[in-house]
Amino acid sequence: MEDNAYSFENKAYRDTYRHTTSHILAQAVQRLYPGTKFAIGPAIDDGFYYDFDSETVFTPEELEKIEAEMRKICKEKLKLERFELPRAEALELMKDQPYKMELIENLPEDAHISFYRQGDFTDLCAGPHLDSTGRVKGNAIKLLSCTGAYWRGDSSRKMLQRIYGTCFPSKAELDAHMQRLEEAKRRDHRKLGKELGLYLLMEEGPGFPFFLPKGMVLRNTLIDYWREVHKRYGYVEVSTPMILNRQLWERSGHWFHYKENMYTTVIDGEDFAIKPMNCPGGMLVYKSEPHSYRDLPMRVGELGLVHRHELSGALHGLFRVRCFTQDDAHIFMTWEQMKDEIKNVVRLFDEVYSQFGLSYTIELSTMPDDHIGDVKDWEFAQNTLREAITEMGKTYVVNEGDGAFYGPKLDFHLEDCLGRTWQCGTIQLDMQLPERFELEYVGADGEKHRPVMIHRVVFGSIERFIGIITENYAGAFPTWLSPVQVKVMPITDRSRDYAQHVVDVLDAQGVRVEADFRNEKIGYKIREAQHAKIPYMLVIGDKEAEAGTVAVRIREGGEQSVMPLDEFAAKITGEIKSRT
């Protein structure tokens with residue numbers, strides 16, 4: 001067995017440890033609240049949860065009691081014993097637990113069903129588990145919250161109480177994790193978005209974000225950067241309709257594979273769908289005129305607004321919404337060009353992600369059960385993806401069976417300053433849609449051939465990426481991205497005219513500048529500007545007005561410096577242009 005088999009670095013051990021802790025949680029609840037009905041309790045990223053049907057409302061005070069009981073169970077060092085029962089006996093054992101009975105009834109009749117017993121508590125479970133509750137460190141357990149969760153995720157079923165918790169092998173590791181959670185709360189993009197006047201999420205449109213004026217500046221600055229990069233990499237840009245008819249979605253396969261996530265409507269007696277993705281429209285653009293091999297590779301970008309139905313419980317700020325702008329691109333190429341084009345996309349990704357200081361890991365998702373197309377084409381596509389990134393010196397992990405129904409993909413998981421990962425970029429190979437839409441090009445031999453296609457996104461979703469960088473920067477965006485780059489603050493009315501001159505000079509050079517002419521003390525104005533996370537604050541008094549200078553304060557604090565206005569203008573415009 002490997003040296004790290006019993007280390008928290010080993011995901012299998014970490015999941016086993018946390019799954020065992022979820023059983024300790026359930027046992028504590030059984031002891032404190034007899035009559036509780038139990039659902040499921042898996043390990044998850046950063047912890048575990050367990051769903052309960054109980055008359056008791058699990059308030060923060062109740063969670064403290066449960067935590068204390070969990071620590072007792074850890075000290076009791078109860079042995080976890082696995083045993084199996086035939087289906088009928090399993091049902092008899094769980095006769096007072098309706099959720100467990102439902103799970104058992106969904107298993108094959110001839111199945112031998114596994115249970116785990118620890119002292120006075122027995123749970124239906126496939127395992128695995130630690131051998132004793134004593135292996136779990138009681139002082140490194142923390143119950144975090146209790147939320148509502150529908151049984152089996154079905155909104156027509158009963159709402160259960162889901163207790164979330166986390167645990168670590170030591171108190172020090174738990175404390176460090178709790179500090180990260182506190183820092184994550186401070187950086188929560190939903191909170192910062194409202195405080196900084198960037199975006200709002202409202203009851204009138206759940207999952208449909210509202211962007212405010214400053215948020216639109218941030219969004220458009222990102223889009224301008226996207227367009228600049230893509231122009232250098234040889235992309236053209238198109239825009240396709242938001243609503244297209246059913247025949248198109250049947251042809252693409254989405255009507256049969258993705259319809260439950262699509263919004264549909266009827267126009268003139270015909271079924272239409274609001275696009276959940278840009279791809280089929282991109283096929284029609286390519287097909288609208290003949291192409292030669294000399295046209296390929298053809299790189300076509302689209303910033304398309306797409307809509308996808310998400311369950312209300314899955315919505316989360318800008319991270320999971322029902323409409324978003326996908327920074328799509330479709331690359332049409334010959335089979336021989338495929339590997340080079342994959343490498344070209346990865347180089348573009350490297351440039352963009354490094355601009356935001358984000359590193360990434362790569363995941364290769366392979367053929368799913370509901371795939372379309374020949375297995376040999378899938379194997380070729382998967383091997384091409386592997387070879388391309390390997391030749392670039394990149395490493396990857398395999399996610400078996402999680403490819404799109406039309407092709408395998410590479411997912412790029414970005415890591416932020418707190419070590420959290422976010423799936424943003426993706427490269428999907430597709431030999432199926434060109435076939436379905438009968439796309440063609442004329443080869444050097446004068447014959448018609450079928451192109452191969454790459455679907456790819458860099459940001460993934462403009463909205464989601466804004467949420468990610470809001471948290472990564474804690475709202476303190478670099479100067480080039482900041483909605484307001486400079487705040488000009490006169491100390492008295494005597495310096496107001498010169499302050500307005502400073503605003504006019506900077507504005508004429510493309511700097512996003514605001515003035516604070518309120519009759520407030522300068523210390524108050526500075527504190528407000530710092531709270532708004534504005535990169536530069538220019539304090540203007542009589543001396544500055546007389547000398548043609550500005551007193552510069554930076555967002556991060558430190559000493560105030562005085563410099564000529566033209567020197568500051570050159571400094572900040574250089575910073576914006578270079579995106580440092």
Side-chain angles (χ1 to χ4, degrees), residues 11 14 44-47 164 166 177 179-193 196 198-199 201 207 209 211 215 218-219 221-223 225-226 229 261 276-277 303 306 308 310-311 313-329 345-346 348-365 389 394-399 402-404 409-428 455-478 481:
K11 185 179 185 302
R14 186 169 66 246
I44 56 174
D45 288 346
D46 290 334
Y164 283 99
T166 191
H177 177 74
Q179 288 174 2
R180 285 193 297 272
L181 291 182
E182 285 302 311
E183 179 63 15
K185 286 180 184 177
R186 187 179 75 83
R187 294 169 178 264
D188 190 319
H189 73 281
R190 295 166 297 183
K191 169 177 167 287
L192 288 171
L196 301 177
L198 302 176
Y199 38 81
L201 300 148
F211 274 83
L218 172 62
R219 179 190 179 99
T221 303
L222 270 180
I223 288 172
Y225 171 65
W226 184 93
V229 170
N261 294 103
M277 49 197 68
L303 294 163
V306 300
R308 298 179 184 178
E310 299 282 358
L311 295 174
L315 300 176
H316 180 65
L318 297 182
F319 293 158
R320 183 66 70 88
V321 292
R322 287 172 169 157
C323 79
F324 56 93
T325 302
Q326 196 166 47
D327 64 314
D328 242 326
V345 172
V346 174
L348 186 151
F349 283 13
D350 282 341
E351 178 176 337
V352 171
Y353 296 149
S354 64
Q355 176 64 61
F356 299 93
L358 298 167
S359 60
Y360 62 77
T361 55
I362 303 174
E363 184 176 75
L364 170 63
S365 296
I389 54 177
K394 309 283 187 183
T395 58
Y396 64 93
V397 295
V398 177
N399 186 6
D402 200 44
K409 60 179 180 172
L410 295 174
D411 287 327
F412 289 71
H413 296 267
L414 305 186
E415 183 173 328
D416 68 12
C417 62
L418 295 182
R420 299 172 300 180
T421 56
W422 311 93
Q423 197 272 302
C424 288
T426 188
I427 301 173
Q428 299 179 344
H455 308 252
R456 49 112 292 204
V457 291
V458 186
F459 296 145
S461 148
I462 299 292
E463 291 76 5
R464 189 164 187 260
F465 195 77
I466 287 173
I468 290 168
I469 61 174
T470 299
E471 297 200 357
N472 190 54
Y473 294 126
F477 299 103
L481 264 181

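Basis for what follows: all heavy atoms, side chains included, without hydrogens, waters or symmetry-related copies. Everything numeric here is computed off the predicted structure, so don't read it as measured data.
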Exercise. How far apart are the C-alpha atoms of Thr470 and Tyr199, what are their side-chain angles, what is the distance that settles it, and do they pass the side-chain hydrogen bond (donor to acceptor under 3.5 Å, both in side chains) test?
Worked result: CA-CA 11 Å; Thr470 299; Tyr199 38 81; 3.2 Å; yes
Donor-acceptor side-chain pairing of [X] and [Y] below 3.5 angstrom:
X: Tyr396; Y: Thr361; result: no
X: His413; Y: Gln423; result: no
X: Asp411; Y: Thr426; result: yes
X: Thr325; Y: Arg219; result: yes

Compare all side-chain heavy atoms of [X] with those of [Y] and state whether any distance is below 4.5 angstrom.
X: Leu348; Y: Val458; result: yes
X: Phe459; Y: Gln326; result: no
X: Phe324; Y: Leu318; result: no
X: Leu198; Y: Leu192; result: no
X: Ile389; Y: Ile362; result: yes

Nearest-0.5 Å distance, [atom1] of residue [X] to [atom2] of residue [Y]:
X: Arg320; Y: Ser461; atom1: CZ; atom2: OG; result: 11.0 Å
X: Ile223; Y: Asp327; atom1: CD1; atom2: CG; result: 9.0 Å
X: Leu481; Y: Ile469; atom1: CG; atom2: CD1; result: 5.0 Å
X: Met277; Y: Asn261; atom1: CE; atom2: CG; result: 8.0 Å
X: Phe349; Y: Ser354; atom1: CZ; atom2: OG; result: 13.0 Å
X: Leu358; Y: Trp422; atom1: CG; atom2: CH2; result: 11.5 Å

Exercise. For Arg186, which residues count as a salt bridge (Lys or Arg N to Asp or Glu O under 4.0 Å) partner, sequence neighbours excluded?
Worked result: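 Applying salt bridge (Lys or Arg N to Asp or Glu O under 4.0 Å) to Arg186 gives Glu183.
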For this session: Could I get the full list of salt bridge (Lys or Arg N to Asp or Glu O under 4.0 Å) partners for Arg322, not counting sequence neighbours?
Result: none
Please give me the minimum heavy-atom distance between [X] and [Y], naming the atom from each residue.
X: Glu363; Y: Asn399; result: OE1-ND2, 3.4 Å
X: Glu351; Y: Tyr225; result: O-OH, 3.8 Å
X: Gly403; Y: Ser365; result: N-CB, 3.6 Å
X: Pro209; Y: Cys323; result: CD-O, 4.0 Å
X: Arg456; Y: Ile427; result: CB-CA, 4.3 Å
X: Val457; Y: Cys424; result: CG2-O, 3.7 Å

For this session: Give the intermediate values and the outcome of side-chain contact (heavy atoms from CB on, under 4.5 Å) for residues Val397 and Leu364.
Result: CA-CA 6 Å; Val397 295; Leu364 170 63; over 6 Å; no
For this session: Among Lys191, Arg190, His189, find the residue that satisfies the side chain to side chain donor-acceptor pair (under 3.5 Å) test when tested with Glu471.
Result: His189
Exercise. With ring centroids as reference points, do Phe356 and Phe465 lie under 6.0 angstrom apart?
Worked result: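 That pair passes the under 6.0 Å test.
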Problem set entry | Lys394 with Asp350: basic N within carboxylate O range, under 4.0 Å | yes
Problem set entry | Sidechain-backbone polar pair: Asp416 side chain, Gly419 backbone, donor-acceptor under 3.5 Å |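 It does hold such a pair.
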For this session: Starting from the C-alpha separation in whole Å, work towards a yes-or-no answer on side-chain contact (heavy atoms from CB on, under 4.5 Å) for Tyr360 and Thr421.
Result: CA-CA 8 Å; Tyr360 62 77; Thr421 56; over 6 Å; no
For this session: Mind telling me whether Tyr353 and Phe412 have parallel, tilted or perpendicular rings, with 30° and 60° as the class edges?
Result: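 Taking Tyr353 first and then Phe412, their aromatic rings sit tilted (interplane angle of 30° to 60°).
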